[in-house]
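What you see is a predicted model; the values in this text were computed from it and never measured. Here is the naming used below: chain letters follow the sequence lines, and residue numbers restart at 1 for every chain. Basis for what follows: all heavy atoms, side chains included, without hydrogens, waters or symmetry-related copies.
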Protein chains: 2
Amino acid sequence: MRRQLNPSEAPPTSRPLYVQVKELMTRRIIDGAWTPGMALPSEFTLAEQFGVSQGTVRKALDALSGENIVVRFQGRGTFVAAHDPHDTLFHFFHLVGTDGARPRVESRLLSCRRGKANREELRNLGLPAGATVIRIRRVRLLDGADAIHELISVPAELFDDLDRQTIPNELYSLYQARYGVTVSRAIEHLRAVGADAEDVKAIGVDMQAPLLEIDRRAISLDGRAIEWRLSRCDTRLHRYQSEVV
Amino acid sequence: MRRQLNPSEAPPTSRPLYVQVKELMTRRIIDGAWTPGMALPSEFTLAEQFGVSQGTVRKALDALSGENIVVRFQGRGTFVAAHDPHDTLFHFFHLVGTDGARPRVESRLLSCRRGKANREELRNLGLPAGATVIRIRRVRLLDGADAIHELISVPAELFDDLDRQTIPNELYSLYQARYGVTVSRAIEHLRAVGADAEDVKAIGVDMQAPLLEIDRRAISLDGRAIEWRLSRCDTRLHRYQSEVV
DNA sequence: TAGTGGTCTAGACCACGAC
DNA sequence: TCGTGGTCTAGACCACTAC
């Protein structure tokens, strides 16, 4: 039997020490004991706290760093990743200009209301029937021109007063700063669709013009789906870029 | 000054030992000294050969493993990644059914000819003016139905007799097995377009029907662009799936 | 049983940033 | 100058595979 850090709550299968350390540290971030931007204790201090060697802590930190949960700087220390609006925007925003350059992105709010979740929202957000969501509808401008018609749904339970906030261009920093919810990854499904009447009104394309629809579920650090977003994009001047390794 | 494995050809900036070991091993694969499917020497043997510790070799192998260049099995050994047709297909093929399931993929060849590279092909493949390319045009079927109109261009210099081969459903295994060219990553640009007359003839969609266009440049182990592929996809029954971490 | 990769430890030195 | 993370080594033990 492999060594366990917390025998009391040990899972049925034993996992490597560094994985356990990684999970304990992730838990501290989820629970808010370590907050975004905060400096973590040094590797040696953590090793002492967890009762493992410095090399094991390092392996855990390297894993967290690979998932963008912490950032490390030689000579300075290790910090909980903070969602800087600009960096976060482009971490999850994959449209680039025809020349490959990042566009300037702005937003124009169309509406922000709460309502009873429909079937798709229940499924995409993993909510119980009858749950309330907050819906944001907006237009996003790329390099100054209307280009994306965006529909966002989030559970009202997690973001209680979001409908009374000023909606910023980059939402994930707000989710983190005001509601303590960190988006760690996202699953996107893309398809081509014809513009509908709403799209025509929102971004001024022709009826049935080909649009790239991005269906995104954003997942938080603890694995819950915390946002569902539908972005319908005019791709005459921009492309969705994806690198496959 | 950091220790260098090959002082004679040392680059201006010194890099970590494990990076140098990784590059030496990658070079052995590119040069064909280690071929796909072959078992590498054990970590201790490699450490002795390179004159470094086993831990350093391990770090290099872990990096190669992370890039899918080698695969490791506890108790069996480390092997050069071989492009198994089925696995490779889905490594680079991101269309899934509406339910998230992998579709059955087949191909119907329309044409395969050589010709003088046009301007776009020169740019996308990094070829000198006047270079010859081999062009493949085909339809791909998802779950039995015509769904993708695909145009593929590769440098004739690298794939000399490709136009006299039977074109398989999964090309990258052929590139590797017959021409010694391993695709290690790809860069894709997606946009929505309206079906043109060629698309209509090829996959039977309506004129101007919205299609998802995937523009892919495949990059080989040594960093050269070795294939340019344009896939125009009917996304009424399938989605392009992308996970952002 | 022998050999492989996977984990864990302990300790050394280096590169970098803050002071 | 000190403390941080980054690299490198050496050695121990474990888990798995093949024989």
Side-chain angles (χ1 to χ4, degrees), chain A residues 1-7 10-25 34 37-82, chain B residues 1-7 10-25 34 37-82:
Chain A
M1 180 61 175
R2 193 178 254 152
R3 179 176 161 201
Q4 289 292 333
L5 284 185
N6 278 326
T13 67
S14 73
R15 283 154 309 158
L17 261 187
Y18 75 90
V19 174
Q20 300 175 49
V21 170
K22 170 173 173 281
E23 288 168 347
L24 287 174
M25 295 198 287
W34 290 345
M38 179 184 281
L40 267 56
S42 75
E43 294 181 351
F44 279 102
T45 309
L46 288 168
E48 199 179 351
Q49 282 183 22
F50 290 119
V52 300
S53 77
Q54 178 249 10
T56 300
V57 168
R58 165 177 294 277
K59 196 157 180 185
L61 286 172
D62 283 346
L64 289 175
S65 166
E67 294 175 36
N68 299 307
I69 295 173
V70 304
V71 287
R72 320 191 72 195
F73 302 99
Q74 187 176 85
R76 286 177 55 204
T78 302
F79 303 82
V80 179
Chain B
M1 182 60 177
R2 193 178 254 151
R3 178 177 162 199
Q4 290 291 334
L5 284 185
N6 279 326
T13 65
S14 72
R15 284 155 307 162
L17 260 186
Y18 74 91
V19 174
Q20 299 175 51
V21 170
K22 170 173 174 280
E23 289 169 346
L24 288 173
M25 294 197 288
W34 290 345
M38 180 184 281
L40 267 57
S42 75
E43 295 182 350
F44 279 102
T45 310
L46 288 168
E48 199 180 352
Q49 282 182 20
F50 291 119
V52 300
S53 77
Q54 178 248 11
T56 299
V57 168
R58 165 176 293 276
K59 196 157 180 183
L61 286 173
D62 282 346
L64 289 175
S65 166
E67 295 175 36
N68 299 307
I69 295 173
V70 303
V71 287
R72 320 192 71 196
F73 302 98
Q74 186 177 92
R76 287 177 54 202
T78 302
F79 303 82
V80 180

Task: Atom pair distance, as rounded to whole Å: CE in M38(B) and C1' in dT4(C) - done: 18 Å
Task: Reported CG-to-CG distance for the pair L17(B) and L24(B), which is rounded to 0.5 angstrom - done: 10.0 Å
Task: Residues touching DNA chain D, which here means a heavy atom under 4.0 Å, drawn from residues 58-71 of chain A - done: R58(A)
Task: Shortest side-chain distance from P16(A), nucleotide among dC8(C), dG6(D), dG6(C) - done: dC8(C)
TODO: To the nearest Å, give me how far apart NZ (K22(B)) and P (dC8(D)) are.
DONE: 14 Å
Task: Rounded distance (Å) that lies between atom P of dC14(D) and atom CZ of R15(A) - done: 20 Å
Task: Closest-nucleotide ordering on DNA chain C, the 5'-leading residue of G77(B) and V57(A) - done: G77(B)
Task: Phosphate contact (dT7(C) OP1 or OP2) by T56(A) side-chain N/O below 4.0 Å - done: no
- [ ] Give the rounded distance in Å between these two atoms: CG of L17(B) and P of dT7(D).
- [x] 11 Å
Task: Partner residues of E23(B) under the side-chain hydrogen bond (donor to acceptor under 3.5 Å, both in side chains) criterion, sequence neighbours left out - done: R15(B)
- [ ] With sequence neighbours excluded, tell me which residues meet ring pair (Phe, Tyr, Trp, His ring centres under 6.0 Å) with F44(B).
- [x] none
Check residues 61-69 of chain A and write down every donor-acceptor pair under 3.5 Å in which the side-chain atom is one partner and the other belongs to a residue at least two apart or another chain.
unit_1 : atom_1 : unit_2 : atom_2 : d
D62(A) : OD1    : R72(A) : NH1    : 3.0
E67(A) : OE2    : K22(A) : NZ     : 3.2

TODO: For Q20(A) and dT7(C), give me the distance from atom CD to atom C1', rounded to whole Å.
DONE: 12 Å
When you compare the protein's N or O atoms with those of nucleotides 17-19 of chain D, which come within less than 3.5 Å of each other, and at what distance?
none

Task: Heavy-atom side-chain contact between Q49(B) and L46(B) under 4.5 Å - done: yes
TODO: May I ask you to test the V70(B)-M25(B) pair for a side-chain heavy-atom distance under 4.5 Å?
DONE: no
Which protein N or O atoms sit under 3.5 Å from an N or O of nucleotides 10-13 of chain D?
none

Task: Any Q20(B) side-chain heavy atom under 4.5 Å of F50(B) side chain - done: no
- [ ] Check whether more than 12 heavy atoms from other residues, nucleotides or ligands sit under 6.0 Å from atom CD of E48(A), and answer yes or no.
- [x] no
Task: Length of the CZ-P vector between R72(B) and dT4(C), whole Å - done: 12 Å
- [ ] Using a cut-off of strictly less than 4.0 Å, decide whether Y18(A) has a side-chain nitrogen or oxygen near OP1 or OP2 of dT7(C).
- [x] yes
TODO: Please examine the side chains of Y18(B) and S53(B), heavy atoms only from C-beta on, and report whether any two atoms are closer than 4.5 Å.
DONE: no
Open item on the list: If I take atom CZ in residue F79(B) and atom P in nucleotide dG3(C), what distance separates them, rounded to the nearest angstrom?
Closed with: 16 Å
